[in-house]
**Q** 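One structure is given below, represented as structure tokens, and several questions about it will come after.
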Amino acid sequence: MPDVNTTSPAYVSPPARRLLEPHRILLMAFFALVVFCAIWFMRWDWLPRYQTRLLYGIWETLVLLFSTAFVGFLLAVPIGLVQVAGPRPLAWLARGFCTLIRGTPLLLQLWLFYYGLGSIFAQYPEIRQSFLWPYLRQAWPYGFAALMLSFAAYEGEVMRGAFAGVPRGELEAARAFGMNRFTMFRRIWLPRAINRALPTLNGETVLQLKSTPLVATITVVDVYAVISKVRQETFLTYEPLLLLALIYLCLTGALVAFFRYFENRIPTRGV
């Protein structure tokens with residue numbers, strides 16, 4: 001019988017899509033038309049007067065976003081890990097925490113922290129006379145706590161799937177090399193889990209950015225609160241909202257580009 005070549009053909013990546021494709025040209029033209037109409041037919045004389053407030057609001061939004069995402073991710077790692085390899089009581093506790101936070105609206109959690117926990121703190125003279133009261137009387141710590149716990153709960157479930165999805169063969173190979181459990185976790189399990197969770201982490205961070213306007217309901221002055229103040233003082237509707245949409249669009253694009261940069265630096269094997 002003649003020899004049959006059973007070697008599979010080499011993987012050939014699809015050609016890169018061109019920037020100037022017909023549908024992209026139409027989208028860019030439509031976007032340019034919208035920008036031109038917004039600049040030419042709408043009022044923007046109020047913008048220099050509120051420039052400082054807007055920059056401060058954007059700064060507050062970014063600080064709130066990155067601080068809650070960073071601390072929330074640090075909390076999400078053990079939450080996901082104990083559900084996969086931890087003791088059963090801790091796994092039940094972590095699963096209950098994720099179910100509770102993910103099953104209730106973030107706005108409700110925010111109000112419970114600010115109006116509920118904040119009013120309880122105010123009833124104790126020991127707390128009001130302590131060094132913590134200048135911070136606990138403000139709205140920012142409660143907004144931070146609500147957003148951080150929400151991010152930790154959602155990302156904890158993502159990390160649970162990422163930890164469970166790491167091939168067992170890699171962990172067994174690490175044990176065969178004589179690694180202890182902490183070294184194996186630090187060098188093999190955690191990096192591989194973060195690698196698998198990075199695209200989802202990108203989406204969760206973008207959703208966290210879109211959740212930050214909720215803190216304006218408890219008097220935290222972020223960029224959404226500044227735009228609301230502009231609307232109240234200038235009696236304008238569309239111009240401030242369009243500017244707010246543009247600000248969030250730019251911030252989202254920067255986040256996506258930031259995560260894409262790290263995703264492209266992770267080596268992958270061709271299939």
Side-chain angles (χ1 to χ4, degrees), residues 30-72 101 104-123 128 132-151 154 203-256:
F30 176 76
F31 181 75
L33 179 62
V34 170
V35 172
F36 173 78
C37 293
I39 295 175
W40 187 261
F41 295 105
M42 291 185 173
R43 282 185 51 194
W44 300 101
D45 55 326
W46 53 271
L47 191 55
R49 182 156 41 109
Y50 293 94
Q51 180 179 359
T52 303
R53 295 190 198 178
L54 286 170
L55 293 177
Y56 175 79
I58 294 173
W59 171 253
E60 284 291 323
T61 299
L62 291 177
V63 170
L64 195 62
L65 168 66
F66 288 114
S67 60
T68 55
F70 178 74
V71 179
I101 298 298
T104 54
L106 177 57
L107 183 60
L108 175 61
Q109 300 166 18
L110 189 64
W111 285 356
L112 286 176
F113 273 103
Y114 181 65
Y115 297 108
L117 194 60
S119 62
I120 292 176
F121 287 155
Q123 296 176 3
R128 293 201 306 269
L132 293 175
W133 183 242
Y135 304 98
L136 294 178
R137 66 185 298 179
Q138 300 178 15
W140 200 92
Y142 303 101
F144 172 84
L147 289 174
M148 182 269 294
L149 292 178
S150 175
F151 190 86
Y154 281 93
E204 293 294 337
T205 308
V206 171
L207 290 178
Q208 185 78 347
L209 171 64
K210 296 178 181 179
S211 300
T212 54
L214 293 177
V215 299
T217 61
I218 60 171
T219 69
V220 176
V221 184
D222 68 330
V223 65
Y224 176 80
V226 174
I227 290 296
S228 299
K229 189 67 174 178
V230 171
R231 293 180 60 198
Q232 294 173 6
E233 294 181 355
T234 61
F235 301 101
L236 296 174
T237 300
Y238 299 107
E239 290 86 345
L241 291 180
L242 285 176
L243 179 62
L244 181 65
L246 179 62
I247 291 173
Y248 279 110
L249 183 63
C250 293
L251 295 179
T252 300
L255 283 176
V256 171

**Q** What orientation do W140 and F144 show, parallel under 30°, tilted 30 to 60°, or perpendicular over 60°?
**A**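 W140 and F144: parallel rings.
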
**Q** Below 4.5 Å, heavy atoms only, C-beta onward: do L110 and Y142 meet side chain to side chain?
**A**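 No, their side chains stay 4.5 Å or more apart.
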
**Q** What distance do E239 atom CD and T234 atom OG1 have between them, rounded to the nearest 0.5 Å?
**A**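 The distance works out to 8.0 Å.
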
**Q** Show the nearest heavy-atom pair for residues F113 and A145, with the distance to one decimal.
**A**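 Shortest heavy-atom contact: CE2-CB, 4.2 Å.
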
**Q** Assess whether atom CZ of R137 is packed by more than 12 heavy atoms of other residues, nucleotides or ligands within 6.0 Å.
**A**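 12 or below, so no.
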
**Q** Is the shortest side-chain heavy-atom distance between L209 and T61 below 4.5 Å?
**A**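 Result yes, sub-4.5 Å side-chain heavy-atom pair found.
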
**Q** With a 6.0 Å cut-off (strictly less than), is the heavy-atom count around CH2 of W133, excluding the residue itself, greater than 12?
**A**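 More than 12 heavy atoms, drawn from other residues, nucleotides or ligands, come within 6.0 Å of this atom.
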
**Q** Do other residues, nucleotides or ligands put more than 12 heavy atoms under 6.0 Å from W59 CH2?
**A**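 Counting neighbours around CH2 of W59, 12 or fewer heavy atoms of other residues, nucleotides or ligands fall under 6.0 Å, so no.
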
**Q** Taking all atoms of both residues into account, what is the closest heavy-atom pair of I101 and S150, and its distance?
**A**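 For I101 versus S150, the nearest heavy atoms are CG2-CA, 3.6 Å.
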
**Q** Taking Y114 for the side chain and T217 for the main chain, is one N or O donor matched with an acceptor at less than 3.5 Å?
**A**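 Here the side-chain-to-backbone pair does not exist.
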
**Q** Do the non-hydrogen side-chain atoms of L251 and V206 ever get within less than 4.5 Å of each other?
**A**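 L251 does not reach V206 side chain to side chain.
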
**Q** Could you walk me through whether Q109 and L106 pass the side-chain contact (heavy atoms from CB on, under 4.5 Å) test, one step at a time?
**A** CA-CA 5 Å; Q109 300 166 18; L106 177 57; 3.8 Å; yes

**Q** Salt bridge or not between R53 and E233? Use side-chain N to carboxylate O under 4.0 Å.
**A**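 A salt bridge links R53 with E233.
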
**Q** Quick one: pull up CD1 in I227 and CG in D222 and give me the separation to the nearest 0.5 Å.
**A**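 Result: 10.0 Å between the selected atoms.
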
**Q** Report yes if the side chains of K229 and V221 come closer than 4.5 Å at any heavy-atom pair, otherwise no.
**A**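 No. Closest side-chain heavy atoms not under 4.5 Å.
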
**Q** Indicate yes or no: at least one non-hydrogen side-chain atom of V215 is less than 4.5 angstrom from one of L147.
**A**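 Heavy-atom side-chain distance check passes, below 4.5 Å.
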
**Q** Let me see the working for M42 and L236 under side-chain contact (heavy atoms from CB on, under 4.5 Å), right down to the final yes or no.
**A** CA-CA 10 Å; M42 291 185 173; L236 296 174; over 6 Å; no

**Q** Taking all non-hydrogen atoms of both residues into account, name the closest pair between A139 and I218 and its distance.
**A**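 Looking at all heavy atoms of both residues, the closest pair is CB-O, 2.8 Å.
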
**Q** Are L241 and R231 packed together at the side-chain level, in the sense that at least one heavy-atom pair is separated by less than 4.5 angstrom?
**A**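 Contact flag for L241/R231 side chains = yes.
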
**Q** I'd like to know if the side chain of T252 and the backbone of Y248 have a donor-acceptor N/O pair within less than 3.5 Å.
**A**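 Yes, because the side chain of T252 sits within donor-acceptor range (under 3.5 Å) of the backbone of Y248.
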
**Q** Pair T68, Q208 - check side-chain hydrogen bond (donor to acceptor under 3.5 Å, both in side chains), show working.
**A** CA-CA 9 Å; T68 55; Q208 185 78 347; 3.1 Å; yes

**Q** Test side-chain contact (heavy atoms from CB on, under 4.5 Å) on L207 and F151; report intermediate values, then the result.
**A** CA-CA 9 Å; L207 290 178; F151 190 86; over 6 Å; no

**Q** If we ignore hydrogens and angles and just use 3.5 Å, is the side chain of Q138 paired with the main-chain N or O of P134 as donor and acceptor?
**A**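 Yes.
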
**Q** Nearest 0.5 Å please: distance from the OH atom of Y50 over to the CG atom of L55.
**A**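 Between Y50 OH and L55 CG, I get 15.0 Å after rounding to 0.5 Å.
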
**Q** Can you tell if the side chain of L117 reaches within under 4.5 Å of the side chain of L136, non-hydrogen atoms only?
**A**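 The answer is no; the side chains never approach within 4.5 Å.
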
**Q** Considering residues, nucleotides and ligands other than F70, do more than 12 of their heavy atoms fall under 6.0 Å from its CZ?
**A**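 Open: at most 12 neighbouring heavy atoms sit under 6.0 Å from CZ of F70.
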
**Q** So, for V63 and S67, which heavy atoms are closest and what is the spacing to 0.1 Å?
**A**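 Taking V63 first and S67 second, the nearest heavy atoms are O-OG, 2.6 Å.
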
**Q** Is the shortest heavy-atom distance from the side chain of T212 to the side chain of Y224 under 4.5 Å?
**A**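 A side-chain contact is absent here, since even the closest heavy-atom pair is not under 4.5 Å.
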
**Q** Atom CG of L54 and atom CG of L244: how far apart are they, to the nearest 0.5 Å?
**A**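 It comes to 9.5 Å.
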
